[in-house]
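What follows is one structure encoded as structure tokens, with my remarks underneath.
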Amino acid sequence: MENTGIYPYASRRYVTLAARGMCATSNHLAAQAGVDMLKLGGNAFDAAIAAAACLVVLEPQTNGAGGDAFAIFCQKDGKIRGMNSSGAMGRAFDLQQYIDQGHKESPSYGFEPVTVPGIPAAWAAINQEYGRLPLTKVLEPAIRYAREGQAICTITCSSIQTMANRLRENTDCGSEFDAWFQLFMPDGRLPRPGELFRNPDLADTLEKIARSGAREYYEGEIAEKIDACSRQYGGFLRKEDLAEHQVQWVQPLSVPYHGYEVWELPPNGQGIIALMALNILNGFEPAPLDDPLGLHRQIEAIKLAFIDGLHYIGDPRYMAVSPEEMLSPAYGAARRRLITEKALEPVPGNPKDPGTVYLCAADNEGNMISYIQSNYAGFGSGIVIPGTGIAMQNRGKGFCLEPGHANAAAPGKRPYHTIIPGFLTKQGKPMGPFGVMGGFMQPQGHVQVLTKLIDCGLNPQAAIDAPRWQWTQGLQVNMEPEFPAHLIEGLQQRGHKIGYDINRGAFGKGQMILATPHGTLMGGTEPRCEGACAAW
């Protein structure tokens, strides 16, 4: 079969059930690596690191060793804890000087939008704080795949083509992208699905991370190579910025929703947008699966939450309003009152006036983790650090260049972040981790999956399978082609402008693991990618 990219029939999967442990990711080999850690005596946190490291190798179009990470942890005692390992803008950046040079927005590619990577620090911190196996053991599968190679998948090949076109179209495209082309198109052509892809430099890097607990990455030879590359190509990152990076342990935020509690991380991530939307929807009765009015209200709630989020979210040290103000019941009620029978053009409110690759893992001890990491926009910046195999993120693109804005770029400041892990409890009892990756689709995906699960009674797999919508701007809402016609008609009657998008990846890629009343686990994984829910 040469044509591996054609899928003529819709695929739906059964929910996955298991008693000893589970790991759900967007790649089957990464999921298997996670479960292998459980079989070796590791816990859910070991499984998550192993899967995450494999994804850096196996799914380079969505994440890399030069990206950021966030996580929510739940141990067997039921305590919920969060981790933010997103990095800051480099110390060499000066906003006014950047504006004076004629920049009106942060660029997408090159070294300028590169911020301090947080993924290696996240792995080391999780391993030290929660892990049971040595980091050298946990990273073994990823190192093996990087050094020995693995068959490249259809989605990755397509993404390489897309990124190559973007870099070639970039008016400033220069030698800074040579290392990217050498890694992903080594003989000058697009790889074919099924060909063996190797990244031996990344294998060496992963070994150094494993042996040093990531110190070599932030303080040693790797940091020096990143610094040198940044200086060569006009970046703002310096070795001192890397050395100063610290994982932040944070308390997740939550709101009640129809008998459950939904947990997200606080800013600088956009998880609070999902909570704000659910805070609005909590005042409405649960909507049936086929109810146009319920769907209309979900879209309106997302619009109101998103417009607030884009206005107020940034590094929390610079925000003018607090998360507590944004999530207050009074503010949720005030925004709810704006929802009528007709679609609205959203504008930011005033919370001071009361009138953001996802994977999850669980073991049979009660440990659960909701984990997400990313390089942002496809392959990120297009920068690969020579001799390391590290593809760098472009999270600086998330900054704005408006002086005084909560999210204005500044040295040592973390940008508005799209990647968000989620967690669900019921009356204080842990239910499990969930997430839907995909840029600004993520809060929308969280709301859609949770309302299907909680309000409509679907199991995790069915909730993830369900057709999705995406609000883009104003009155515009895009739908997956299989979205029910009567629901679309109901939205059009209420003033929504409906479009269709055949790119299934645009609607997010989700995973979920939940505890059952029987002390076992059930999981769902994404049919919109090569998702897998490996179990033991």
- Query: Less than 4.5 Å apart, any side-chain heavy atom of N268 and any of S86?
  - Reply: yes
- Task: Determine yes or no for a side-chain-to-main-chain donor-acceptor pair under 3.5 angstrom, with E480 supplying the side chain and R468 the backbone.
- Result: yes
- Take L453 and Y260 through the side-chain contact (heavy atoms from CB on, under 4.5 Å) test and state the conclusion after the steps. CA-CA 11 Å; L453 184 87; Y260 290 78; 5.8 Å; no
- Pairwise distance CG(D455) to NZ(K452) - rounded to 0.5 angstrom: 9.5 Å
- Task: Determine yes or no for a side-chain-to-main-chain donor-acceptor pair under 3.5 angstrom, with Q442 supplying the side chain and I420 the backbone.
- Result: yes
- Query: Do the non-hydrogen side-chain atoms of Y130 and R81 ever get within less than 4.5 Å of each other?
  - Reply: yes
- Check for a donor-acceptor pair, side chain of Y217 on one end and backbone N or O of A65 on the other, with a separation under 3.5 Å. yes
- Message: Is there a side-chain contact between F197 and V57 in this structure, where contact means two heavy atoms from C-beta onward sitting under 4.5 Å apart?
- Response: no
- Message: If you define the side chain from C-beta out and look only at heavy atoms, does anything of P286 sit under 4.5 Å from I454?
- Response: no
- Would you say I209 and T205 make side-chain contact, with heavy atoms under 4.5 Å? yes
- List the steps, then state whether side-chain contact (heavy atoms from CB on, under 4.5 Å) holds for M83 with I369. CA-CA 11 Å; M83 181 201 72; I369 177 171; over 6 Å; no
- Message: Any carboxylate oxygen within less than 4.0 angstrom of a Lys/Arg side-chain nitrogen, looking at R335 and D308?
- Response: yes
- Note on the structure: Heavy-atom closest pair (W263 atom, I72 atom, distance to 0.1 Å) is O-CD1, 3.9 Å
- Task: Take F399 and K413 through the test side-chain contact (heavy atoms from CB on, under 4.5 Å) and record every step on the way to the result.
- Result: CA-CA 10 Å; F399 281 120; K413 185 176 180 180; 4.1 Å; yes
- Indicate yes or no: does R504 engage E482 in a salt bridge with an N to O separation below 4.0 Å. yes
- From the list E59, R528, E526, side chain to side chain donor-acceptor pair (under 3.5 Å) with S26 holds only for E59
- Please tell me if the side chains of P292 and R494 come closer than 4.5 Å, counting only heavy atoms from C-beta onward. yes
- Query: Are any side-chain N or O atoms of Y358 and backbone N or O atoms of K509, one a donor and one an acceptor, separated by less than 3.5 Å?
  - Reply: no
- Message: Working to the nearest 0.5 angstrom, can you tell me the gap between C54 SG and L29 CG?
- Response: 7.5 Å
- Mind checking ring-ring contact (aromatic ring centres under 6.0 Å, His included) for H245 and listing every partner two or more places apart, or none if nothing turns up? Y218
- Task: Could you tell me whether the side chain of N394 and the main chain of Y109 form a donor-acceptor pair under 3.5 Å?
- Result: no
- Query: What about F73 and F423, are their ring centers closer than 6.0 Å?
  - Reply: no
- Keeping the roles fixed (side chain from N63, backbone from V357), state whether a donor-acceptor pair exists under 3.5 Å. no
- Evaluate the criterion side-chain contact (heavy atoms from CB on, under 4.5 Å) for residue pair L167 and M163; output intermediate values, then yes/no. CA-CA 6 Å; L167 293 180; M163 185 63 172; 3.9 Å; yes
- Pairing residues for H103 by the ring-ring contact (aromatic ring centres under 6.0 Å, His included) criterion, not counting sequence neighbours: Y98
- State, yes or no, whether a side-chain contact exists between W123 and V138 at a heavy-atom distance under 4.5 Å. no
- Message: Taking A44's backbone N and O only, do any of them form a donor-acceptor pair with D363's side chain (distance below 3.5 Å, no angle check)?
- Response: yes
- Message: Is it the case that the side chain of Y145 and the backbone of L55 share a donor-acceptor pair, with hydrogens and angles ignored and the cut-off at 3.5 Å?
- Response: no
- Query: Are the side chains of S374 and M437 in touch, meaning some heavy atoms are under 4.5 Å apart?
  - Reply: no
- side chain to side chain donor-acceptor pair (under 3.5 Å) pairs touching residues 295-305, sequence neighbours excluded, are H296-H496, E300-K303
- Could you tell me whether a side-chain N or O of S381 sits under 3.5 Å from a main-chain N or O of M392, the two making a donor and an acceptor? yes
- Message: Donor-acceptor check, side chain of Q373 to backbone of A52, threshold 3.5 angstrom: yes or no?
- Response: yes
